[in-house]
Amino acid sequence: YPSDDRQRALAERLLLGALRDQDMARIAFGDGARGRFVASVSRDLAQSLDESATQAAVARCTLARDDSWCIVDIIDLDGEVHRLPIAHPNPSKQAVAQEFADHWLSRPGIAQLLATDADGASPSTVNGIGEPGFGRILPVPLAVRGSVLGAITFVTRENDPPFSAEERALASDIAHLCALALDNAR
């Protein structure tokens, strides 16, 4: 029979292997959910090549958080910046969200992107936006084929935790899909 030390070492290796397998399964499930979410966004954006319908689909984009929404600033072909109408997922908060977006001082959000670091953390993503009912923001460029078409700024609920690295990556993927859709609809 093997010694107690050898049995202990074997049991530890088996346990560590099982824990690694469990972590890999958890990661794969998370990636699957993320993939389904991105596919859903992609389907919504591909519904039309009409510019106004595409802009409305972009304005409805969110991250996978309850009550998250976005502010979208578009640069038109003449270089003018226009803010798209807000589409808050909670109809009772729609008017407040639109009023906030209409008066948001950093309009256009594109200027704020220039102050955003490589991790997508601007001062606003760290400190929140200081408005009752609204939490953190994450501005992301709408860039495609070497040009910036605008910015999409994701907004969370008050007291929500900071954006995770996974959420920042998801926001970047969603912004890229939105930029492609907007470019194709022009």
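- The shortest side-chain heavy-atom distance between Leu77 and Arg186 falls under the 4.5 Å cut-off.
- The heavy-atom pair separating Gln94 from His88 by the smallest distance is OE1-N, 2.8 Å.
- The shortest distance between side-chain heavy atoms of Cys61 and Ile152 falls below 4.5 Å.
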Next item on the list: Kindly indicate, with the supporting measurements, whether the criterion side chain to side chain contact (heavy atoms under 4.5 Å, CB included) is fulfilled by Leu142 and Val148.
Entry: CA-CA 6 Å; Leu142 294 169; Val148 176; 5.7 Å; no

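- Taking 4.5 Å as the limit, every side-chain heavy atom of Glu167 sits out of range of all side-chain heavy atoms of Leu138.
- Separating the CD1 atom in Ile71 from the CD atom in Gln98 is a distance of 9.0 Å, to the nearest 0.5 Å.
- Smallest separation of non-hydrogen atoms from Ile86 and Cys70: CD1-O, 3.6 Å.
- Contact detail for Ala59 and Ala87: the closest heavy-atom pair is O-CB, 3.8 Å.
- Judged by distance alone, the side chain of Ser68 and the main-chain N or O of Leu63 form a donor-acceptor pair under 3.5 Å.
- Of the inter-residue distances, the one linking Arg34 atom CZ with Glu166 atom CD reads 9.0 Å to the nearest 0.5 angstrom.
- The main-chain N or O of Phe163 is found under 3.5 Å from a side-chain atom of Arg168 such that the two form a donor-acceptor pair.
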For residues 41-49, which side-chain N or O atoms pair as donor and acceptor with protein atoms under 3.5 Å away, sequence neighbours left out?
residue, atom, partner, partner atom, Å
Gln47, NE2, Arg43, O, 3.1
Ser48, OG, Asp50, N, 2.9

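- From Thr62, atom OG1 reaches atom CZ of Arg60 across 11.0 Å, with rounding to the nearest 0.5 Å.
- The line from CG of Leu149 to CG of Asp183 is 5.5 Å long, rounded to the nearest 0.5 Å.
- A donor atom on one side chain and an acceptor atom on the other are found under 3.5 Å apart for His82 and Asp76.
- Considering CH2 of Trp69 and CZ of Arg157, their distance stands at 14.0 Å, rounded to 0.5 Å.
- Here CG of Asn90 is found 10.5 Å from CG of Asp66. Values are rounded to the nearest 0.5 Å.
- Of all the heavy atoms in Ala64 and Leu170, the pair that sits closest is N-CD2, 4.3 Å.
- Annotation: cation-pi geometry not satisfied between Arg136 and Phe154 (NZ/CZ under 6.0 angstrom from ring centroid, within 45° of ring axis).
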Which donor-acceptor pairs under 3.5 Å do side chains of residues 174-182 form with protein atoms, sequence neighbours excluded?
none

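- Residues Ala171 and Val140 share a closest heavy-atom pair of CB-CG2, 3.9 Å.
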